Protein chains: 2
Amino acid sequence: MSRQRRLIIRVLSEARTHLSAADLHQRVTELDPDISLATIYRTLTIFEEEGVLKRLDFGDRKMRYEQADKEPHDHLLDTTDGSVVEFQAPEVAALLATIAARLGYRLDGYRLDVFASPDDSRAESARACVTAVQPPAKRPRSRHHHHDGREHSAPGR
Amino acid sequence: MSRQRRLIIRVLSEARTHLSAADLHQRVTELDPDISLATIYRTLTIFEEEGVLKRLDFGDRKMRYEQADKEPHDHLLDTTDGSVVEFQAPEVAALLATIAARLGYRLDGYRLDVFASPDDSRAESARACVTAVQPPAKRPRSRHHHHDGREHSAPGR
DNA sequence: CTAAATGCAAACTGTTTGCTTGGAG
DNA sequence: CTCCAAGCAAACAGTTTGCATTTAG
């Protein structure tokens with residue numbers, strides 16, 4: 001394995017957040033100034049195909065990656081600061097499987113991002129933030145999905 | 001209102017599927033050859049800001065739009081042919097709200113795409129497909145989310 | 001030595017924007 | 001007549017790719 005590939009793996013495993021290709025490139029570059037973005041992309045793609053990494057799409061048009069060996073989980077995006085909280089909730093898959101069945105389908109997988117803001121009236125239980133996703137919004141354009149039944153909102157993106 | 005804007009509204013309301021800017025542009029162009037893509041994008045953006053349209057992101061990096069006045073619903077993407085089924089399932093938002101609360105958050109919204117394939121052992125209940133999302137996969141690159149607890153799969157893009 | 005991996009720059013896709021012209025009211 | 005809206009092309013961001021060069025094994 002090449003020097004750069006080794007480097008990438010290292011940075012990736014040391015990272016505690018979901019990195020994008022650019023993030024990774026930046027970090028890697030600090031340790032070794034001559035690694036091209038193309039290599040980063042190619043390597044990430046390969047790792048993903050090998051099942052080492054999982055590609056995440058938080059909807060801000062930059063892909064993020066996380067180690068594939070972690071427990072299955074979903075992501076909650078804090079709409080106030082873009083941080084990401086990972087959580088496990090088998091009920092989700094179960095519910096979706098039921099819904100799919102109801103429609104005559106078999107669940108193959110799903111993609112879920114939960115947008116939420118800190119509820120300070122509650123105990124700040126296990127708030128273990130992971131990644132910062134585009135904290136400051138550029139345009140006021142709202143993202144797209146709905147939720148509890150009436151509003152649609154989402155993060156300011 | 002301009003001729004083109006009127007046209008766009010019309011095509012949009014006649015469409016029974018979720019159209020992307022390009023789809024829309026193509027259809028509109030057939031009726032009136034001189035409408036620029038820029039206009040399409042600008043109009044779509046405006047309509048979205050006015051709350052007339054909702055922007056959808058099925059993860060294939062092209063945004064789709066649907067009328068905003070519909071009942072809130074989610075989308076099931078048929079992984080065998082890319083068609084989209086809309087379904088209502090208030091349990092989803094309820095569950096997510098619960099989960100968010102458990103983590104110390106208040107649900108603001110969510111983004112969900114359910115990937116599933118026809119389960120022919122079941123009755124083909126209400127299979128009302130809506131949109132075709134990139135039927136033929138380009139590369140074998142798997143998408144990213146997990147599901148029932150062990151596999152991760154998803155559509156071939 | 002040979003196949004595989006890198007670097008660089010150019011290509012791509014979907015989307016946005018600056019600027020000038022055109023048309024609705 | 002006054003502006004909002006359209007058209008065009010250039011600009012963008014993220015990602016991919018062709019090709020010549022380097023390098024691990």
Side-chain angles (χ1 to χ4, degrees), chain A residues 1-12 18-29 31-50 52-53 55-65 131 133-134 136-144 157, chain B residues 1-12 18-29 31-50 52-53 55-65 131 133-134 136-144 157:
Chain A
M1 288 297 113
S2 67
R3 169 178 51 92
Q4 27 277 86
R5 209 165 274 198
R6 225 176 332 259
L7 225 269
I8 290 175
I9 299 197
R10 194 179 121 206
V11 171
L12 226 30
H18 307 294
L19 298 98
S20 65
D23 297 335
L24 185 54
H25 183 234
Q26 184 183 312
R27 298 201 188 186
V28 159
T29 293
L31 304 177
D32 184 326
D34 290 310
I35 293 187
S36 90
L37 235 198
T39 298
I40 299 285
Y41 276 109
R42 272 190 284 240
T43 305
L44 288 175
T45 300
I46 290 172
F47 285 173
E48 197 214 341
E49 283 164 353
E50 289 179 347
V52 177
L53 294 179
R55 171 193 276 228
L56 306 180
D57 174 5
F58 290 151
D60 63 349
R61 77 172 66 225
K62 48 184 72 172
M63 297 306 184
R64 302 257 191 340
Y65 292 84
T131 298
V133 177
Q134 213 89 314
K138 191 189 231 171
R139 289 201 281 138
R141 155 170 311 165
S142 64
R143 274 219 65 47
H144 82 294
R157 224 342 95 71
Chain B
M1 284 296 115
S2 65
R3 170 178 49 93
Q4 28 275 89
R5 209 165 277 196
R6 224 177 334 259
L7 225 270
I8 291 175
I9 299 196
R10 195 179 120 208
V11 171
L12 226 31
H18 308 295
L19 298 99
S20 64
D23 297 334
L24 185 54
H25 183 234
Q26 182 183 312
R27 298 202 187 186
V28 160
T29 293
L31 304 177
D32 184 328
D34 288 311
I35 293 186
S36 88
L37 234 198
T39 297
I40 300 283
Y41 276 110
R42 272 192 281 243
T43 305
L44 251 19
T45 300
I46 290 172
F47 285 173
E48 197 213 341
E49 283 163 353
E50 289 178 347
V52 176
L53 294 179
R55 170 194 277 228
L56 308 179
D57 173 5
F58 289 150
D60 63 349
R61 73 177 68 226
K62 50 183 70 171
M63 295 307 185
R64 303 255 189 344
Y65 293 83
T131 297
V133 176
Q134 214 89 312
K138 192 189 227 167
R139 289 200 283 138
R141 156 168 310 164
S142 63
R143 272 221 62 44
H144 81 297
R157 184 47 67 105

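Below, chain A is the first sequence line, B the second, and so on; all start at residue 1. Small disclaimer: the values here were computed from a predicted structure and weren't measured.
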Original post:
Can you check side-chain contact (heavy atoms from CB on, under 4.5 Å) on B/M63 and B/L44, steps first, answer last?
Top reply: CA-CA 10 Å; B/M63 295 307 185; B/L44 251 19; over 6 Å; no
[X] vs [N]: side-chain N/O to OP1/OP2 distance below 4.0 Å:
| X | N | value |
| --- | --- | --- |
| A/Q4 | D/dT23 | no |
| B/Y41 | C/dT15 | yes |
| B/T39 | D/dG7 | yes |
| A/R61 | C/dT15 | no |
| A/R5 | C/dT6 | yes |

Subject >> Side-chain heavy-atom pair B/M1, B/I9 within 4.5 angstrom cut-off >> reply: no
**OP:** Would you indicate which nucleotide in C/dT16, C/dG7, D/dT16 comes nearest to any side-chain atom of B/T45?
**Re:** C/dT16
Original post:
Between D/dT17, D/dA9, C/dG14, which nucleotide has the shortest distance from any of its atoms to the side chain of A/A38?
Top reply: D/dT17
For [X] and [N], give me the distance from atom [atom1] to atom [atom2], rounded to whole Å.
| X | N | atom1 | atom2 | answer |
| --- | --- | --- | --- | --- |
| A/R3 | D/dA24 | CZ | P | 8 Å |
| A/H25 | D/dT16 | NE2 | P | 15 Å |
| B/M63 | C/dT16 | CE | P | 8 Å |
| A/R42 | D/dT23 | CZ | C1' | 15 Å |
| A/I9 | C/dA5 | CD1 | C1' | 14 Å |
| B/R64 | C/dG14 | CZ | P | 10 Å |
| B/D60 | C/dG14 | CG | P | 9 Å |
| B/R55 | C/dG14 | CZ | C1' | 10 Å |

Subject >> Along DNA chain D (nearest heavy atom to each residue), the more 5'-positioned of B/S2 and A/R6 >> reply: B/S2
Original post:
Which heavy atom of B/S20 sits nearest a heavy atom of B/R64, and at what distance?
Top reply: N-CD, 4.0 Å
Subject >> Shortest non-hydrogen contact from B/D23 toward B/H18 >> reply: OD2-O, 4.2 Å
Original post:
Counting any heavy atom closer than 4.0 Å, what does B/L37 reach on the DNA or RNA strands: base, sugar-phosphate only, or nothing?
Top reply: base
Original post:
Of B/T39, B/L37, B/I35, which is the lone residue that meets side-chain contact (heavy atoms from CB on, under 4.5 Å) with B/V28?
Top reply: B/I35
